[in-house]
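Written out below as structure tokens is the structure these notes cover.
Order of the sequence lines fixes the chain letters, A, B, ..., with proteins taken first and strands second; residue numbering starts at 1 for each chain.
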Amino acid sequence: MKTDDLISLLVRDDTIPPAVTPRLVSAILLALALVAGLLVSLVGVRADLARALADPVTRMKWLLPLALGLPALVAALRLSRPQTRGSPGLLFAALVAAAAMLWLVLAIKATPAGMVWPRIKGNSAMMCFFAIMLVSALPLAAGLRVLGGGASPAPMLSGAALGLAVGSLAATLYAFFCTQDSPLFFLTWYGLAIAVVTLAGAVAGRGMLRW
Amino acid sequence: MSDAGGSEDWSDLMRAANTGDRAAYHRLLTLMTPVLRGIVRARAAGMDVDWCEDVVQETLLAIHLKRATWDEALPLRPWAYAIARHKLVDAFRRRGRAVHLPVEDFAETLESAPEPDPTERRDAAVLIGRLPERDAALMRCLALEGRDSEECGGRLGLKPGALRVALHRALQRLARLRLEDER
């Protein structure tokens with residue numbers, strides 16, 4: 001096929017590809033809403049939600065993942081454009097993650113030695129860890145599908161940004177249902193679950209976001 | 001910004017194309033091609049002309065399929081060069097040749113004398129042959145034989161709407177075939 005022939009084919013194809021941004025945001029929100037509905041009907045929102053939201057430490061269960069997830073989502077959107085260099089959103093998220101880790105270290109130091117593991121473990125560690133990953137599965141799959149229509153300069157990084165966004169938003173959502181309020185608990189398990197989802201996004205992105 | 005590839009502004013042409021102006025789109029792709037060809041050949045010293053032309057075609061195909069990733073508020077050129085760079089790096093990788101192509105090289109506009117498409121693309125013809133039968137027949141009918149949509153639709157039993165969808169899907173598959181070649 002001569003290049004001129006290819007051009008005439010391209011001109012004849014008048015299907016306009018949809019923009020990535022609105023579709024990605026709506027796909028993720030829709031998938032999260034679906035899972036939220038399921039959780040509400042199965043488990044129900046924690047009964048003492050108002051009290052939990054009033055407590056500045058417990059409030060971090062929502063604020064920290066949001067501070068990770070929203071900039072990561074902005075980064076994933078930016079990275080769907082081929083000429084993007086660097087990503088302030090991911091830099092910001094990295095700072096938030098570093099602050100959270102510092103908090104965890106300080107919290108461990110401030111806790112009597114014998115109490116550290118029991119507090120980290122809480123009474124639903126595995127459940128929380130897996131729940132966040134489960135909540136993430138559908139939005140991550142939907143997000144990857146939409147991002148595949150983009151043109152990422154770095155597919156693996158794009159996937160990681162999406163994973164971080166989805167994992168963090170899933171953790172924010174899960175916080176409405178999780179009654180474990182010790183920072184040792186949520187910093188550890190929310191953090192680990194978000195890290196795993198980020199990694200899953202990176203691995204999937206490497207293959208699925210190539211173009 | 002200098003104006004290699006014609007006096008019209010690429011961004012204006014793409015904006016017109018996005019509102020459905022086919023003539024503007026044809027003009028844009030025709031203007032872009034020699035510039036992209038110049039860029040690819042300059043960056044791919046030592047590769048033969050056919051290889052370079054394949055990269056040019058892959059770039060055009062990606063520009064077409066990914067045009068929604070261009071932000072209309074920004075100039076089109078850096079976006080188009082970023083796609084050319086991506087496709088060039090990819091093509092080198094398929095050859096097992098690691099490359100470092102500084103981004104800055106793609107930022108400048110490279111003046112290049114308009115050069116004709118060197119040969120009938122053997123490689124691209126092979127790719128079309130690997131598409132599903134009907135996709136391949138549709139592409140041959142529209143592009144190689146240069147017939148109009150109505151005639152090709154009639155021959156393949158496709159209504160106009162179905163033909164539009166079929167052509168779009170066929171182009172998407174064509175773009176994916178290259179990726180699948182990678183080990």
Side-chain angles (χ1 to χ4, degrees), chain A residues 1-27 74-89 143-159 161-162 204-211, chain B residues 17-18 20 22-23 25-26 29-30 32-33 37 53 56-57 60-71 74 78-83 85-87 90 103 106 116-117 119-121 124-125 127-128 139-140 142-144 146 148-149 163-165 167-171 174-176 179 182:
Chain A
M1 182 162 50
K2 281 183 179 291
T3 301
D4 286 346
D5 295 332
L6 176 68
I7 290 176
S8 74
L9 269 184
L10 299 183
V11 172
R12 278 165 186 249
D13 172 26
D14 55 3
T15 304
I16 308 265
V20 171
T21 303
R23 284 179 71 222
L24 185 66
V25 173
S26 55
V74 172
L77 289 169
R78 263 176 59 87
L79 282 166
S80 72
R81 300 185 189 275
Q83 76 278 33
T84 301
R85 317 289 314 166
S87 167
L144 281 166
R145 227 185 118 77
V146 175
L147 263 196
S152 169
M156 207 170 158
L157 189 64
S158 273
L162 179 69
R206 201 177 158 207
M208 290 176 68
L209 301 182
R210 283 173 55 237
W211 54 282
Chain B
N18 283 346
R22 283 203 201 192
Y25 195 41
H26 194 272
L29 295 178
T30 308
M32 277 180 153
T33 300
R37 195 176 284 140
E53 199 61 18
V56 171
Q57 292 198 359
L60 286 169
L61 190 55
I63 282 173
H64 175 70
L65 292 174
K66 302 293 186 185
R67 63 196 188 280
T69 68
W70 171 57
D71 180 347
L74 300 173
W79 173 84
Y81 294 169
I83 289 185
R85 176 178 184 272
H86 183 88
K87 286 296 167 188
D90 225 40
V103 183
F106 285 78
D117 182 358
T119 49
E120 185 67 27
R121 299 291 327 116
L127 274 186
I128 290 187
M139 288 206 164
R140 286 197 193 98
L142 286 172
L144 304 186
D148 63 21
S149 309
L163 185 134
R164 282 184 66 220
V165 175
L167 175 59
H168 186 64
R169 296 250 167 90
L171 290 171
L174 192 65
R176 289 224 71 85
L179 294 180
E182 283 180 49

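- Residues B/L60 and A/I7 approach most closely at CD1-CG1, 4.1 Å, considering heavy atoms.
- Remark: A/L10 CG to B/L65 CG distance equals 7.5 Å, nearest 0.5 Å.
- Nearest heavy-atom pair across B/T69 and A/A151 is CG2-N, 3.7 Å.
- Neither the backbone nor the side chain of B/A175 comes within contact range of chain A; no heavy atoms are under 4.5 Å apart.
- Using a 4.5 Å cut-off between heavy atoms, A/S80 contacts chain B through its backbone alone, with no side-chain atom that close.
- Contacts with chain A were tallied for B/M139, B/K87, B/R67, B/H86; B/H86 has the most, counting heavy-atom pairs under 4.5 Å.
- A distance of 11.5 Å separates CG in B/L61 from OG1 in A/T3, rounded to the nearest 0.5 Å.
- The two residues A/K2 and B/Q57 have their closest heavy-atom pair at C-NE2, 3.6 Å.
- The side chain to side chain donor-acceptor pair (under 3.5 Å) test applied to A/S152 returns A/S158, not counting sequence neighbours.
- A/G148 and B/K66 make their closest contact through O-NZ, 3.1 Å (heavy atoms, listed as atom of the first residue, atom of the second, distance).
- The CZ atom of A/R12 sits 8.5 Å away from atom CG of B/L167, with the distance rounded to the nearest 0.5 Å.
- Heavy atoms from other residues, nucleotides or ligands lying under 6.0 Å from CZ of A/R145 number 12 at most.
- Residues meeting the side chain to side chain donor-acceptor pair (under 3.5 Å) test with B/R164, sequence neighbours left out: A/D14.
- Contact between B/A68 and A/P17 at its shortest, heavy atoms only, is CB-O, 3.4 Å.
- Scanning both residues, B/L171 and A/L9, for their nearest heavy atoms gives CD1-O, 4.3 Å.
- Using a 4.5 Å cut-off between heavy atoms, B/I83 contacts chain A through both its backbone and its side chain.
- Of the listed residues (B/Y25, B/W70, B/W79), the one with the most heavy-atom contacts under 4.5 Å to chain A is B/W79.
- For B/L74, the part lying near chain A is the side chain, with the backbone staying farther off; criterion is any non-hydrogen pair under 4.5 Å.
- B/D71 touches chain A through backbone and side chain together, each having a heavy atom under 4.5 Å away.
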